[in-house]
Undergrad: 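Sharing a structure, written as C-alpha coordinates. Questions coming.
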There are 2 protein chains.
Amino acid sequence: MYVHIFATPFQGTLFQIMKIEDEIKQPVFKDAFQKGLINLVYTAGWVQQRNSSQFKEFGITLPQFNILRILRGQHPKPATVNLLIERMLDKTSNASRIVDKLEAKKLVTRTVCPSNRRAVDICITDSGLELLQEIDKVLEREPLLHKLTEAEVSQLSDLLDKIRD
Amino acid sequence: MYVHIFATPFQGTLFQIMKIEDEIKQPVFKDAFQKGLINLVYTAGWVQQRNSSQFKEFGITLPQFNILRILRGQHPKPATVNLLIERMLDKTSNASRIVDKLEAKKLVTRTVCPSNRRAVDICITDSGLELLQEIDKVLEREPLLHKLTEAEVSQLSDLLDKIRD
DNA sequence: CGACATTAAATGTATGTACATATATTTGCA
DNA sequence: TGCAAATATATGTACATACATTTAATGTCG
(Lines give C-alpha, C1' and ligand atoms only; values in the text may rest on other atoms or scores of the structure.)
Protein backbone atom coordinates (compact mmCIF):
# COMPACT_ATOMS: atom_id res chain seq x y z
CA MET A 1 0.00 0.00 0.00
CA TYR A 2 1.62 3.14 -1.14
CA VAL A 3 -0.57 5.99 -0.08
CA HIS A 4 0.94 8.39 2.28
CA ILE A 5 -1.55 9.43 4.88
CA PHE A 6 -1.47 13.05 5.83
CA ALA A 7 -0.52 13.72 9.38
CA THR A 8 -2.82 15.78 11.51
CA PRO A 9 -0.68 18.12 13.55
CA PHE A 10 -2.28 20.12 16.27
CA GLN A 11 -1.80 23.64 15.00
CA GLY A 12 -4.08 26.61 14.63
CA THR A 13 -7.15 24.42 14.89
CA LEU A 14 -10.23 26.53 14.53
CA PHE A 15 -12.63 24.33 12.66
CA GLN A 16 -14.58 21.50 14.20
CA ILE A 17 -15.31 18.62 11.87
CA MET A 18 -17.66 15.71 11.90
CA LYS A 19 -16.62 12.46 10.37
CA ILE A 20 -13.01 11.99 9.44
CA GLU A 21 -12.05 12.77 13.01
CA ASP A 22 -13.48 9.45 14.07
CA GLU A 23 -10.94 7.69 11.94
CA ILE A 24 -7.99 9.71 13.08
CA LYS A 25 -6.97 10.95 16.46
CA GLN A 26 -7.14 14.65 15.70
CA PRO A 27 -10.63 16.09 16.06
CA VAL A 28 -9.92 19.58 14.78
CA PHE A 29 -8.67 21.09 11.52
CA LYS A 30 -7.54 24.55 10.55
CA ASP A 31 -10.27 24.95 7.96
CA ALA A 32 -12.50 23.06 5.57
CA PHE A 33 -9.79 22.99 2.93
CA GLN A 34 -7.34 21.26 5.22
CA LYS A 35 -10.05 18.82 6.22
CA GLY A 36 -10.91 18.11 2.60
CA LEU A 37 -7.31 17.55 1.64
CA ILE A 38 -6.69 15.13 4.47
CA ASN A 39 -9.96 13.38 3.79
CA LEU A 40 -9.12 13.01 0.12
CA VAL A 41 -5.73 11.44 0.74
CA TYR A 42 -6.99 9.34 3.63
CA THR A 43 -9.95 7.97 1.71
CA ALA A 44 -7.83 7.14 -1.31
CA GLY A 45 -5.56 5.17 1.01
CA TRP A 46 -8.57 3.51 2.57
CA VAL A 47 -9.92 2.20 -0.72
CA GLN A 48 -6.51 1.07 -1.88
CA GLN A 49 -5.84 -0.83 1.31
CA ARG A 50 -9.16 -2.59 1.01
CA ASN A 51 -8.57 -3.33 -2.62
CA SER A 52 -5.09 -4.62 -1.97
CA SER A 53 -6.13 -6.86 0.88
CA GLN A 54 -8.71 -8.40 -1.40
CA PHE A 55 -6.07 -9.98 -3.58
CA LYS A 56 -3.17 -10.24 -1.19
CA GLU A 57 -4.18 -13.88 -0.76
CA PHE A 58 -3.51 -14.38 -4.46
CA GLY A 59 0.13 -13.53 -3.95
CA ILE A 60 0.31 -10.29 -5.91
CA THR A 61 0.53 -6.66 -4.91
CA LEU A 62 -1.57 -3.73 -6.12
CA PRO A 63 1.01 -2.48 -8.64
CA GLN A 64 1.44 -5.99 -9.96
CA PHE A 65 -2.33 -6.36 -10.26
CA ASN A 66 -2.58 -3.13 -12.20
CA ILE A 67 0.15 -4.15 -14.61
CA LEU A 68 -1.62 -7.45 -15.16
CA ARG A 69 -4.87 -5.65 -15.95
CA ILE A 70 -3.15 -3.50 -18.53
CA LEU A 71 -1.66 -6.59 -20.12
CA ARG A 72 -5.06 -8.26 -20.21
CA GLY A 73 -6.40 -5.17 -21.94
CA GLN A 74 -3.76 -5.57 -24.63
CA HIS A 75 -4.06 -9.32 -24.91
CA PRO A 76 -3.25 -11.05 -27.19
CA LYS A 77 -1.12 -8.11 -28.34
CA PRO A 78 2.05 -7.52 -26.34
CA ALA A 79 2.79 -4.36 -24.38
CA THR A 80 6.10 -2.59 -24.01
CA VAL A 81 7.43 -1.10 -20.79
CA ASN A 82 6.70 2.32 -22.24
CA LEU A 83 3.05 1.44 -22.73
CA LEU A 84 2.81 0.17 -19.17
CA ILE A 85 4.27 3.40 -17.83
CA GLU A 86 1.81 5.47 -19.86
CA ARG A 87 -1.15 3.48 -18.58
CA MET A 88 0.04 3.54 -14.99
CA LEU A 89 0.12 7.32 -15.26
CA ASP A 90 3.14 7.34 -13.08
CA LYS A 91 5.99 8.24 -15.36
CA THR A 92 8.57 7.89 -12.63
CA SER A 93 7.50 4.50 -11.42
CA ASN A 94 9.53 1.51 -12.36
CA ALA A 95 7.45 -0.82 -14.45
CA SER A 96 10.54 -2.80 -15.35
CA ARG A 97 11.00 -4.12 -11.85
CA ILE A 98 7.33 -4.83 -11.33
CA VAL A 99 7.41 -6.91 -14.49
CA ASP A 100 10.40 -8.73 -12.98
CA LYS A 101 8.22 -9.93 -10.14
CA LEU A 102 5.40 -10.99 -12.44
CA GLU A 103 7.82 -12.83 -14.69
CA ALA A 104 9.22 -14.70 -11.70
CA LYS A 105 5.69 -15.86 -10.92
CA LYS A 106 5.17 -16.92 -14.56
CA LEU A 107 2.26 -14.51 -14.90
CA VAL A 108 3.88 -12.67 -17.83
CA THR A 109 6.48 -13.35 -20.49
CA ARG A 110 9.18 -11.01 -21.69
CA THR A 111 10.70 -11.31 -25.17
CA VAL A 112 12.79 -8.94 -27.22
CA CYS A 113 10.62 -7.13 -29.74
CA PRO A 114 11.58 -8.39 -33.22
CA SER A 115 10.92 -5.10 -35.01
CA ASN A 116 12.76 -2.95 -32.47
CA ARG A 117 15.36 -4.78 -30.50
CA ARG A 118 15.54 -2.01 -27.91
CA ALA A 119 11.98 -2.72 -26.86
CA VAL A 120 10.59 -5.68 -24.95
CA ASP A 121 7.30 -7.39 -25.68
CA ILE A 122 5.46 -8.22 -22.49
CA CYS A 123 2.50 -10.61 -22.58
CA ILE A 124 0.19 -11.98 -19.93
CA THR A 125 0.26 -15.79 -19.70
CA ASP A 126 -2.73 -18.09 -19.46
CA SER A 127 -1.88 -18.48 -15.82
CA GLY A 128 -2.01 -14.70 -15.43
CA LEU A 129 -5.39 -14.49 -17.15
CA GLU A 130 -6.79 -17.17 -14.88
CA LEU A 131 -5.52 -15.38 -11.80
CA LEU A 132 -7.19 -12.14 -12.89
CA GLN A 133 -10.46 -13.96 -13.43
CA GLU A 134 -10.40 -15.29 -9.91
CA ILE A 135 -9.54 -11.89 -8.49
CA ASP A 136 -12.30 -10.26 -10.51
CA LYS A 137 -14.84 -12.50 -8.83
CA VAL A 138 -13.68 -11.34 -5.41
CA LEU A 139 -13.63 -7.66 -6.38
CA GLU A 140 -17.12 -7.81 -7.83
CA ARG A 141 -18.43 -9.32 -4.64
CA GLU A 142 -17.74 -6.09 -2.73
CA PRO A 143 -17.47 -3.03 -5.00
CA LEU A 144 -15.46 -0.35 -3.24
CA LEU A 145 -17.71 2.64 -3.82
CA HIS A 146 -20.97 0.80 -3.26
CA LYS A 147 -21.96 3.16 -0.47
CA LEU A 148 -22.46 5.90 -3.04
CA THR A 149 -25.24 6.13 -5.59
CA GLU A 150 -24.36 6.53 -9.23
CA ALA A 151 -25.29 10.20 -9.01
CA GLU A 152 -23.03 10.70 -6.02
CA VAL A 153 -20.13 8.98 -7.73
CA SER A 154 -20.52 11.29 -10.70
CA GLN A 155 -20.67 14.29 -8.41
CA LEU A 156 -17.49 13.08 -6.74
CA SER A 157 -15.72 12.70 -10.07
CA ASP A 158 -16.73 16.20 -11.08
CA LEU A 159 -15.33 17.66 -7.87
CA LEU A 160 -12.10 15.74 -8.29
CA ASP A 161 -11.74 16.92 -11.87
CA LYS A 162 -12.23 20.46 -10.70
CA ILE A 163 -9.41 20.14 -8.17
CA ARG A 164 -6.97 19.37 -10.95
CA ASP A 165 -8.20 22.04 -13.36
CA MET B 1 5.39 10.10 -3.50
CA TYR B 2 3.65 7.04 -2.27
CA VAL B 3 0.28 6.93 -3.90
CA HIS B 4 -0.29 4.09 -6.18
CA ILE B 5 -2.06 5.24 -9.31
CA PHE B 6 -4.68 2.90 -10.62
CA ALA B 7 -3.97 1.46 -13.99
CA THR B 8 -6.52 1.86 -16.71
CA PRO B 9 -6.74 -1.43 -18.53
CA PHE B 10 -8.73 -1.62 -21.70
CA GLN B 11 -11.48 -4.06 -20.71
CA GLY B 12 -15.20 -4.11 -21.07
CA THR B 13 -15.30 -0.36 -21.64
CA LEU B 14 -18.86 0.78 -21.97
CA PHE B 15 -18.87 4.18 -20.37
CA GLN B 16 -17.49 7.28 -21.98
CA ILE B 17 -16.06 9.82 -19.57
CA MET B 18 -15.15 13.43 -19.80
CA LYS B 19 -12.27 14.75 -17.80
CA ILE B 20 -9.96 12.26 -16.17
CA GLU B 21 -9.37 10.70 -19.57
CA ASP B 22 -7.39 13.78 -20.55
CA GLU B 23 -4.90 13.06 -17.83
CA ILE B 24 -4.52 9.40 -18.62
CA LYS B 25 -4.31 7.59 -21.89
CA GLN B 26 -7.44 5.54 -21.53
CA PRO B 27 -10.60 7.32 -22.68
CA VAL B 28 -13.14 4.75 -21.59
CA PHE B 29 -14.21 3.13 -18.32
CA LYS B 30 -16.46 0.23 -17.47
CA ASP B 31 -18.87 2.35 -15.45
CA ALA B 32 -19.15 5.46 -13.31
CA PHE B 33 -17.96 3.58 -10.23
CA GLN B 34 -14.75 2.51 -11.89
CA LYS B 35 -14.22 6.05 -13.11
CA GLY B 36 -14.83 7.47 -9.66
CA LEU B 37 -12.46 5.03 -8.02
CA ILE B 38 -9.65 5.77 -10.46
CA ASN B 39 -10.32 9.47 -10.21
CA LEU B 40 -10.19 9.35 -6.42
CA VAL B 41 -6.87 7.58 -6.28
CA TYR B 42 -5.42 9.57 -9.15
CA THR B 43 -6.41 12.92 -7.67
CA ALA B 44 -5.04 12.00 -4.26
CA GLY B 45 -1.76 11.19 -5.95
CA TRP B 46 -1.92 14.43 -7.86
CA VAL B 47 -2.26 16.60 -4.78
CA GLN B 48 0.42 14.71 -2.94
CA GLN B 49 2.87 15.00 -5.79
CA ARG B 50 2.27 18.73 -5.95
CA ASN B 51 2.59 19.04 -2.23
CA SER B 52 5.76 17.02 -2.14
CA SER B 53 7.41 18.91 -4.97
CA GLN B 54 6.74 22.12 -3.08
CA PHE B 55 9.16 21.18 -0.33
CA LYS B 56 11.48 18.80 -2.12
CA GLU B 57 13.85 21.73 -2.48
CA PHE B 58 14.02 21.90 1.30
CA GLY B 59 15.52 18.44 1.42
CA ILE B 60 12.71 16.56 3.12
CA THR B 61 10.11 14.10 1.93
CA LEU B 62 6.37 14.13 2.49
CA PRO B 63 6.43 11.60 5.35
CA GLN B 64 9.26 13.52 6.99
CA PHE B 65 7.31 16.76 6.62
CA ASN B 66 4.25 15.23 8.22
CA ILE B 67 6.24 13.95 11.17
CA LEU B 68 7.75 17.39 11.62
CA ARG B 69 4.30 18.96 11.66
CA ILE B 70 3.14 16.59 14.34
CA LEU B 71 6.20 17.44 16.40
CA ARG B 72 5.53 21.14 15.98
CA GLY B 73 2.00 20.54 17.19
CA GLN B 74 3.40 18.97 20.35
CA HIS B 75 6.17 21.48 20.85
CA PRO B 76 7.63 22.13 23.36
CA LYS B 77 6.33 18.81 24.67
CA PRO B 78 8.05 15.75 23.26
CA ALA B 79 6.29 13.06 21.25
CA THR B 80 6.85 9.34 21.37
CA VAL B 81 6.97 7.04 18.38
CA ASN B 82 3.57 5.75 19.42
CA LEU B 83 2.07 9.20 19.26
CA LEU B 84 3.56 9.74 15.82
CA ILE B 85 2.08 6.49 14.58
CA GLU B 86 -1.34 7.41 15.95
CA ARG B 87 -1.28 10.77 14.24
CA MET B 88 -0.01 9.37 10.96
CA LEU B 89 -2.98 7.00 10.98
CA ASP B 90 -0.84 4.38 9.45
CA LYS B 91 -0.31 1.85 12.17
CA THR B 92 1.96 -0.30 10.06
CA SER B 93 4.19 2.45 8.84
CA ASN B 94 7.60 2.82 10.36
CA ALA B 95 7.87 6.12 12.15
CA SER B 96 11.09 4.99 13.75
CA ARG B 97 13.00 5.05 10.50
CA ILE B 98 11.51 8.32 9.36
CA VAL B 99 12.69 9.83 12.64
CA ASP B 100 16.13 8.39 11.85
CA LYS B 101 16.30 10.54 8.75
CA LEU B 102 15.11 13.65 10.54
CA GLU B 103 17.60 13.08 13.33
CA ALA B 104 20.42 12.77 10.81
CA LYS B 105 19.42 16.18 9.46
CA LYS B 106 19.35 17.62 13.00
CA LEU B 107 15.67 18.52 12.61
CA VAL B 108 14.65 16.45 15.64
CA THR B 109 16.26 15.08 18.77
CA ARG B 110 15.75 11.67 20.28
CA THR B 111 16.32 11.01 23.97
CA VAL B 112 15.29 8.17 26.22
CA CYS B 113 12.19 9.11 28.16
CA PRO B 114 13.17 9.49 31.82
CA SER B 115 9.89 8.25 33.26
CA ASN B 116 9.65 5.22 30.96
CA ARG B 117 12.92 4.01 29.60
CA ARG B 118 11.21 1.94 26.93
CA ALA B 119 9.90 5.07 25.28
CA VAL B 120 11.77 7.73 23.34
CA ASP B 121 11.13 11.43 23.60
CA ILE B 122 11.26 13.04 20.18
CA CYS B 123 11.42 16.82 19.88
CA ILE B 124 11.60 19.17 16.94
CA THR B 125 14.71 21.37 17.01
CA ASP B 126 14.85 25.11 16.39
CA SER B 127 16.28 24.29 13.00
CA GLY B 128 13.25 22.07 12.34
CA LEU B 129 10.85 24.81 13.37
CA GLU B 130 12.55 27.29 11.08
CA LEU B 131 12.39 24.87 8.17
CA LEU B 132 8.65 24.36 8.69
CA GLN B 133 8.10 28.10 8.74
CA GLU B 134 9.79 28.47 5.38
CA ILE B 135 7.83 25.60 3.91
CA ASP B 136 4.57 27.01 5.26
CA LYS B 137 5.17 30.19 3.30
CA VAL B 138 5.49 28.20 0.09
CA LEU B 139 2.44 26.06 0.80
CA GLU B 140 0.27 29.05 1.59
CA ARG B 141 1.22 30.67 -1.67
CA GLU B 142 -0.61 27.95 -3.62
CA PRO B 143 -3.28 26.16 -1.58
CA LEU B 144 -3.94 22.77 -3.13
CA LEU B 145 -7.73 22.78 -3.22
CA HIS B 146 -8.08 26.42 -4.19
CA LYS B 147 -10.05 25.52 -7.31
CA LEU B 148 -12.96 24.49 -5.12
CA THR B 149 -15.22 26.76 -3.16
CA GLU B 150 -15.67 26.15 0.54
CA ALA B 151 -19.08 24.66 -0.16
CA GLU B 152 -17.63 22.30 -2.73
CA VAL B 153 -14.87 21.21 -0.38
CA SER B 154 -17.43 20.37 2.26
CA GLN B 155 -19.49 18.49 -0.27
CA LEU B 156 -16.38 16.54 -1.24
CA SER B 157 -15.64 15.68 2.37
CA ASP B 158 -19.18 14.44 2.88
CA LEU B 159 -18.95 12.17 -0.14
CA LEU B 160 -15.60 10.82 1.01
CA ASP B 161 -16.98 10.14 4.49
CA LYS B 162 -19.87 8.27 2.94
CA ILE B 163 -17.51 6.00 1.02
CA ARG B 164 -15.98 4.79 4.25
CA ASP B 165 -19.27 4.38 6.13
C1' DC C 1 29.60 5.68 -43.82
C1' DG C 2 30.30 7.43 -39.20
C1' DA C 3 29.84 10.44 -35.16
C1' DC C 4 26.27 11.84 -32.26
C1' DA C 5 21.78 12.44 -30.47
C1' DT C 6 17.59 9.89 -29.32
C1' DT C 7 15.00 6.14 -27.61
C1' DA C 8 13.85 1.82 -24.70
C1' DA C 9 14.84 -0.54 -20.96
C1' DA C 10 17.56 -1.81 -17.04
C1' DT C 11 20.19 -0.66 -13.01
C1' DG C 12 21.68 2.03 -8.80
C1' DT C 13 20.56 4.41 -4.58
C1' DA C 14 17.83 6.55 -1.09
C1' DT C 15 13.46 6.55 0.94
C1' DG C 16 9.10 4.62 2.34
C1' DT C 17 5.51 0.91 3.08
C1' DA C 18 3.82 -3.56 4.86
C1' DC C 19 4.41 -6.93 7.88
C1' DA C 20 7.00 -10.01 10.90
C1' DT C 21 10.22 -10.51 14.47
C1' DA C 22 13.58 -9.06 18.00
C1' DT C 23 15.12 -6.43 22.11
C1' DA C 24 14.56 -3.99 26.15
C1' DT C 25 11.71 -2.28 29.80
C1' DT C 26 7.81 -2.31 32.63
C1' DT C 27 3.67 -4.28 34.62
C1' DG C 28 0.86 -7.65 36.76
C1' DC C 29 0.06 -11.28 39.43
C1' DA C 30 0.71 -16.02 41.37
C1' DT D 1 9.94 -12.11 44.80
C1' DG D 2 10.01 -13.78 40.37
C1' DC D 3 8.42 -14.69 36.02
C1' DA D 4 5.19 -14.29 32.21
C1' DA D 5 2.57 -10.88 29.63
C1' DA D 6 2.33 -6.44 27.88
C1' DT D 7 4.45 -2.33 26.07
C1' DA D 8 7.75 0.77 23.28
C1' DT D 9 10.77 0.78 19.96
C1' DA D 10 14.01 -1.07 16.70
C1' DT D 11 15.35 -4.26 13.12
C1' DG D 12 14.80 -7.48 9.04
C1' DT D 13 12.93 -8.42 4.50
C1' DA D 14 10.23 -7.91 0.36
C1' DC D 15 8.22 -4.72 -2.52
C1' DA D 16 7.49 -0.09 -4.47
C1' DT D 17 8.55 4.81 -5.43
C1' DA D 18 11.47 8.75 -6.98
C1' DC D 19 15.03 10.02 -9.51
C1' DA D 20 19.65 9.62 -11.65
C1' DT D 21 22.63 6.98 -14.46
C1' DT D 22 23.88 3.23 -17.60
C1' DT D 23 23.52 0.15 -21.56
C1' DA D 24 22.06 -1.09 -25.92
C1' DA D 25 19.74 -0.22 -30.26
C1' DT D 26 18.07 2.96 -33.51
C1' DG D 27 17.73 7.38 -36.03
C1' DT D 28 19.80 11.37 -38.13
C1' DC D 29 22.59 14.16 -40.55
C1' DG D 30 27.12 15.85 -42.00
Side-chain angles (χ1 to χ4, degrees), chain A residues 1-7 41 44-46 48-53 55-57 59-67 78-86 88-105 107-108 110-122, chain B residues 1-7 41 44-45 48-53 55-57 59-67 78-86 88-105 108 110-122:
Chain A
M1 294 297 22
Y2 297 90
V3 166
H4 188 79
I5 303 299
F6 258 80
V41 173
W46 185 91
Q48 285 193 91
Q49 281 178 359
R50 298 213 144 210
N51 201 344
S52 190
S53 74
F55 48 73
K56 192 167 54 180
E57 62 186 295
I60 62 171
T61 65
L62 182 55
Q64 289 170 18
F65 172 69
N66 285 328
I67 295 276
T80 63
V81 170
N82 260 350
L83 183 139
L84 295 179
I85 290 172
E86 265 182 25
M88 290 181 77
L89 315 178
D90 191 343
K91 315 295 188 223
T92 72
S93 168
N94 208 323
S96 192
R97 275 186 279 229
I98 299 174
V99 171
D100 285 347
K101 303 300 187 309
L102 293 171
E103 196 183 15
K105 293 171 199 158
L107 299 174
V108 309
R110 191 150 43 174
T111 56
V112 171
C113 173
S115 64
N116 180 352
R117 298 207 342 233
R118 286 173 300 189
V120 171
D121 280 346
I122 303 158
Chain B
M1 295 292 22
Y2 298 90
V3 166
H4 188 80
I5 303 300
F6 258 80
V41 173
Q48 286 194 90
Q49 281 177 358
R50 299 213 141 208
N51 202 343
S52 189
S53 73
F55 49 71
K56 193 167 52 182
E57 61 186 295
I60 62 171
T61 65
L62 182 55
Q64 290 169 18
F65 171 70
N66 285 330
I67 294 276
T80 63
V81 170
N82 258 351
L83 183 140
L84 295 179
I85 291 172
E86 264 183 24
M88 290 182 78
L89 314 179
D90 193 342
K91 315 296 187 224
T92 71
S93 169
N94 209 324
S96 192
R97 273 185 281 230
I98 300 174
V99 171
D100 285 347
K101 303 301 186 309
L102 293 170
E103 195 183 18
K105 292 171 199 158
V108 308
R110 190 149 43 173
T111 56
V112 171
C113 173
S115 64
N116 180 353
R117 298 208 342 235
R118 284 172 302 188
V120 173
D121 281 345
I122 302 158

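Order of the sequence lines sets the chain letters (A, B, ...), proteins ahead of strands, with each chain counted from 1.
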Undergrad: Respond yes when some side-chain nitrogen or oxygen of Ser93(A) is under 4.0 Å from OP1 or OP2 of dT17(D), and no when none is.
TA: yes

Undergrad: In this structure, how many angstroms lie between the P atom of dT17(D) and the NZ atom of Lys56(B), rounded?
TA: 16 Å

Undergrad: Ignoring hydrogens and angles, tell me if any N or O in the side chain of Lys105(A) forms a donor-acceptor pair with the backbone of Gly59(A) under 3.5 Å.
TA: yes

Undergrad: Supply the atom-to-atom distance Trp46(A) CH2 to Gln48(A) CD, rounded to the nearest 0.5 angstrom.
TA: 12.5 Å

Undergrad: Return the value, rounded to whole Å, for the distance between atom CD1 of Ile122(A) and atom P of dA8(C).
TA: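 Whole-Å distance recorded here is 13 Å.
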
Undergrad: If you check the Ala119(A) side chain, which of dT9(D), dT17(D), dA9(C) turns out closest?
TA: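 For the Ala119(A) side chain, the nearest candidate turns out to be dA9(C).
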
Undergrad: Find the distance Glu103(A):CD to dA9(C):C1' and express it as a whole number of Å.
TA: 13 Å

Undergrad: Counting only side-chain N and O atoms of Asn82(B), is one of them less than 4.0 Å from OP1 or OP2 of dA8(D)?
TA: yes

Undergrad: What distance do Ile60(B) atom CD1 and Ile67(B) atom CD1 have between them, rounded to the nearest 0.5 Å?
TA: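 If we round to the nearest 0.5 Å, Ile60(B):CD1 and Ile67(B):CD1 are 11.0 Å apart.
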
Undergrad: With sequence neighbours left out, what residues match Arg110(A) under salt bridge (Lys or Arg N to Asp or Glu O under 4.0 Å)?
TA: Asp100(A), Glu103(A)

Undergrad: How many whole angstroms separate atom CZ of Arg110(A) from atom C1' of dA8(C)?
TA: 12 Å

Undergrad: Rounded to the nearest 0.5 Å, what separates atom CG in Leu107(A) from atom CD in Gln64(A)?
TA: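 CD of Gln64(A) is found 8.0 Å from CG of Leu107(A).
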
Undergrad: Applying side-chain contact (heavy atoms from CB on, under 4.5 Å), name anything that partners Asn82(B), two or more places apart in sequence or on another chain.
TA: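 Counting only residues at least two positions away or on another chain, Asn82(B) forms a side-chain contact (heavy atoms from CB on, under 4.5 Å) with Thr80(B).
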
Undergrad: Nearest to the Val120(A) side chain among dT17(D), dG16(C), dA10(C), which nucleotide is it?
TA: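 Nearest to the side-chain atoms of Val120(A), counting from C-beta on, is dA10(C).
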
Undergrad: Taking only side-chain nitrogens and oxygens of Gln64(B), does any of them come within less than 4.0 Å of OP1 or OP2 of dG16(C)?
TA: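 So the side chain of Gln64(B) is within the cut-off, an N or O lying under 4.0 Å from OP1 or OP2 of dG16(C).
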
Undergrad: Over how many whole Å does the gap from Asp100(B) atom CG to dT9(D) atom P extend?
TA: 13 Å

Undergrad: In whole Å, I'd like the distance from the CG atom of Leu84(A) to the C1' atom of dA8(C).
TA: 12 Å

Undergrad: When Watson-Crick pairs (N1 to N3 and N6-O4 or O6-N4) and G-U wobble pairs (N1-O2 and O6-N3) count only below 3.5 Å on both distances, what is the dot-bracket string of DNA chain D, with | for other-strand pairs?
TA: ||||||||||||||||||||||||||||||

Undergrad: How close or far is atom P of dA14(D) from atom CZ of Arg97(A), stated in whole angstroms?
TA: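 My rounded result for the distance is 15 Å.
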
Undergrad: Nearest 0.5 Å please: distance from the CG atom of Leu102(B) over to the OG1 atom of Thr61(B).
TA: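 Leu102(B) CG to Thr61(B) OG1: 7.5 Å, rounded to 0.5 Å.
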
Undergrad: Let me know, please, whether Asn94(A) or Lys101(A) comes out on the 5' side of the other along DNA chain D by nearest nucleotide.
TA: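 Nearer the 5' end of the strand: Lys101(A).
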
Undergrad: Using side chain to side chain donor-acceptor pair (under 3.5 Å) as the criterion, list what pairs up with Lys56(A), not counting sequence neighbours.
TA: none

Undergrad: Can you tell me how far the CD1 atom of Ile122(A) sits from the CG atom of Leu83(A), to the nearest 0.5 Å?
TA: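 The CD1 atom of Ile122(A) sits 9.0 Å away from the CG atom of Leu83(A).
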
Undergrad: Round to the nearest Å and state the distance from Asp121(B) atom CG to dT9(D) atom C1'.
TA: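 Atom-to-atom, Asp121(B) to dT9(D), this comes out as 13 Å.
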
Undergrad: Mind listing the N/O atom pairs, protein and nucleotides 23-26 of chain D, below 3.5 Å?
TA:
{"from": "dA25(D)", "atom 1": "OP1", "to": "Arg117(A)", "atom 2": "NH2", "distance (Å)": "3.3"}
{"from": "dT26(D)", "atom 1": "OP1", "to": "Arg117(A)", "atom 2": "N", "distance (Å)": "3.1"}
{"from": "dT26(D)", "atom 1": "O4'", "to": "Arg118(A)", "atom 2": "NE", "distance (Å)": "3.4"}

